[in-house]
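Since the structure comes first, as structure tokens, the remarks are kept for the end.
Values below: all heavy atoms of this structure, side chains included; hydrogens, waters and symmetry mates excluded.
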Amino acid sequence: MSTRVLITGALGQLGLALAQVLSSGMDLLLTDLEPGDSGVAPCDITSWEQVKEAVRSFKPQYIVNSAAMTDVDGNEREPERARLVNTVGVEHLLAAGAEAGARLVQVSTDYVFDGTAGPYLESDKPAPLSVYGRTKLEAERLVLEGDAHLVIRANVLFGPDIESRASFVHWVVNSLEEGKQIRVVDDQINNPTLTTNLAEAIRKALEQGAGGLYHYGGLEFASRYDFALKIAQHFNLPVEGIATITTKELDQLAPRPLKGGLICSKMKMELNVTNSNISEGLSQAFPVS
Ligand SMILES: NC(=O)c1ccc[n+]([C@@H]2O[C@H](COP(=O)([O-])OP(=O)(O)OC[C@H]3O[C@@H](n4cnc5c(N)ncnc54)[C@H](OP(=O)(O)O)[C@@H]3O)[C@@H](O)[C@H]2O)c1
């Protein structure tokens with residue numbers, strides 16, 4: 001019998017990759033907040049009734065939570081909503097999962113760190129700077145109270161779904177195609193991660209029954225500016241359209257970790273996952289015809 005997996009946030013950047021990567025040999029229930037006529041089932045994780053109903057009727061063995069309020073500045077503007085989605089929603093999934101005997105895979109973020117000393121290991125002490133980071137950390141702690149559950153921290157996701165609202169690739173490509181000049185921070189460092197690679201890593205974790213806390217990220221550490229340059233080069237767009245700016249000058253509502261990123265040697269060693277550098281990831285997501 002195939003493994004039954006309920007995916008939340010299935011129409012988001014990562015959710016789309018999960019739906020594709022987990023589809024072979026697994027029985028999936030794809031859910032999202034406002035799925036419209038996409039064929040995905042509606043399930044708002046802030047609603048206990050909706051979560052309970054989805055879990056009771058589908059009886060998953062795993063729930064992969066890819067739903068979150070990911071607009072980092074939006075979290076700062078609406079902290080109550082942020083906590084409701086990023087923390088209370090996870091409580092609902094845990095409670096409904098417990099009734100059904102399902103294990104939860106919670107996707108978290110390097111924004112649980114303050115960015116003074118990255119890249120980070122699983123053993124490093126979190127110190128979130130923002131509402132987003134705090135609400136995601138609170139959720140992690142709830143999930144890790146049960147040893148059967150899994151938290152995978154990720155950072156700067158990109159994938160083939162270029163139309164996604166949350167896509168940095170989309171913003172860079174669209175702006176440059178329209179001839180706009182963009183300014184990109186050169187003092188925030190991460191390891192950008194192809195959503196398909198993360199979804200494959202999650203699949204391996206499910207197959208091996210992994211539990212606890214793992215970091216996953218791309219092979220290459222780069223500033224946002226360097227990432228934007230690689231995107232422009234890949235799409236054959238003018239790199240002259242990209243200028244640098246500092247995080248201080250940009251003055252976003254939510255403070256950002258500067259030296260961020262995640263070291264994923266534990267996940268590579270224990271679960272035999274692989275990762276790719278930025279150019280390989282871009283070529284896989286957007287093959288040059
Ligand atoms: N994007 C990154 O760079 C990044 C980095 C590190 C970690 N992560 C984590 O990775 C996970 C996936 O992120 P992503 O980039 O795929 O985010 P995304 O593209 O913003 O997708 C999140 C999905 O969750 C949905 N959602 C929002 N509120 C919901 C609710 N109350 N109930 C059910 N679904 C809801 C969203 O719907 P709407 O679009 O309608 O709101 C969206 O489809 C998240 O846990 C995020 O914290 C992301």
Side-chain angles (χ1 to χ4, degrees), residues 1-70 85-86 89-108 139 143 146 148-152 154 157-167 193-211 214 216 267 271-274 284-285:
M1 210 180 77
S2 44
T3 311
R4 297 169 72 77
V5 185
L6 187 159
I7 300 175
T8 62
L11 294 171
Q13 287 195 104
L14 175 61
L16 290 166
L18 282 167
Q20 195 203 356
V21 168
L22 300 185
S23 62
S24 70
M26 293 190 180
D27 192 1
L28 304 183
L29 175 63
L30 307 179
T31 69
D32 207 314
L33 180 60
E34 288 177 341
D37 56 5
S38 63
V40 163
C43 180
D44 177 350
I45 62 167
T46 69
S47 156
W48 167 240
E49 289 304 319
Q50 290 185 30
V51 170
K52 190 175 60 173
E53 177 50 33
V55 174
R56 274 196 188 155
S57 56
F58 185 63
K59 298 183 184 56
Q61 288 147 288
Y62 286 95
I63 300 169
V64 181
N65 182 28
S66 186
M69 184 167 163
T70 53
V85 180
N86 295 341
V90 176
E91 279 184 287
H92 291 159
L93 296 169
L94 281 169
E99 282 183 14
R103 298 171 73 170
L104 180 66
V105 179
Q106 166 68 4
V107 183
S108 194
V143 175
H149 303 305
L150 178 66
V151 171
I152 300 183
L157 298 179
F158 68 99
D161 50 311
I162 195 148
E163 292 309 322
S164 157
R165 191 168 38 82
S167 168
T193 305
L194 179 64
T195 50
T196 317
N197 286 169
L198 174 57
E200 283 160 353
I202 290 173
R203 181 174 182 121
K204 283 203 170 170
L206 295 187
E207 286 169 347
Q208 294 171 69
Y214 285 93
Y216 184 79
M267 199 164 185
L271 305 180
N272 199 25
V273 302
T274 55
Q284 191 178 328

Euclidean distance, [Y] [atom2] relative to [X] [atom1], rounded to 0.5 Å:
X: L198; Y: L14; atom1: CG; atom2: CG; answer: 5.0 Å
X: Q106; Y: S66; atom1: CD; atom2: OG; answer: 9.5 Å
X: M26; Y: E207; atom1: CE; atom2: CD; answer: 5.0 Å
X: I63; Y: H149; atom1: CD1; atom2: NE2; answer: 8.5 Å
X: L29; Y: S57; atom1: CG; atom2: OG; answer: 7.0 Å

Mind listing the closest non-hydrogen atom pair of [X] and [Y] along with its distance?
X: T8; Y: T31; answer: CA-OG1, 3.4 Å
X: N86; Y: M69; answer: OD1-N, 2.8 Å
X: P60; Y: A102; answer: O-CB, 3.2 Å
X: P160; Y: T195; answer: CD-OG1, 3.9 Å
X: A199; Y: L22; answer: O-CD2, 4.5 Å
X: S108; Y: V151; answer: CB-CG1, 3.9 Å

Do [X] and [Y] touch side chain to side chain, with heavy atoms closer than 4.5 Å?
X: L6; Y: Y62; value: no
X: V107; Y: I202; value: yes
X: L28; Y: L18; value: no
X: V55; Y: E99; value: no
X: P35; Y: L11; value: yes
X: Q284; Y: N197; value: yes
X: I7; Y: L30; value: yes
X: L206; Y: T3; value: no

Name each donor-acceptor pair under 3.5 Å that joins a side chain in residues 90-97 to protein atoms two or more places apart or in another chain, with its distance.
from, atom 1, to, atom 2, distance (Å)
H92, ND1, I45, O, 2.8

Q. Is R4 reaching over with its side chain to a backbone N or O of F58, donor-acceptor style, under 3.5 angstrom?
A. yes
Q.
If you count every heavy atom of other residues, nucleotides or ligands that lies below 6.0 Å from Q20 atom CD, does the total exceed 12?
A. no
Q.
E53 vs S47, test: side-chain contact (heavy atoms from CB on, under 4.5 Å). Steps then yes/no.
A. CA-CA 10 Å; E53 177 50 33; S47 156; over 6 Å; no
Q. Would K204 and E200 pass as an ion pair if we require N to O under 4.0 Å?
A. no
**Q.** Intermediate values then yes/no, side-chain contact (heavy atoms from CB on, under 4.5 Å), F158 and T193
**A.** CA-CA 6 Å; F158 68 99; T193 305; 5.6 Å; no
Q: Could you walk me through whether I152 and M267 pass the side-chain contact (heavy atoms from CB on, under 4.5 Å) test, one step at a time?
A: CA-CA 9 Å; I152 300 183; M267 199 164 185; 3.6 Å; yes
Q: Give a yes-or-no answer on whether the side chains of D27 and S2 include a donor-acceptor pair shorter than 3.5 Å.
A: no
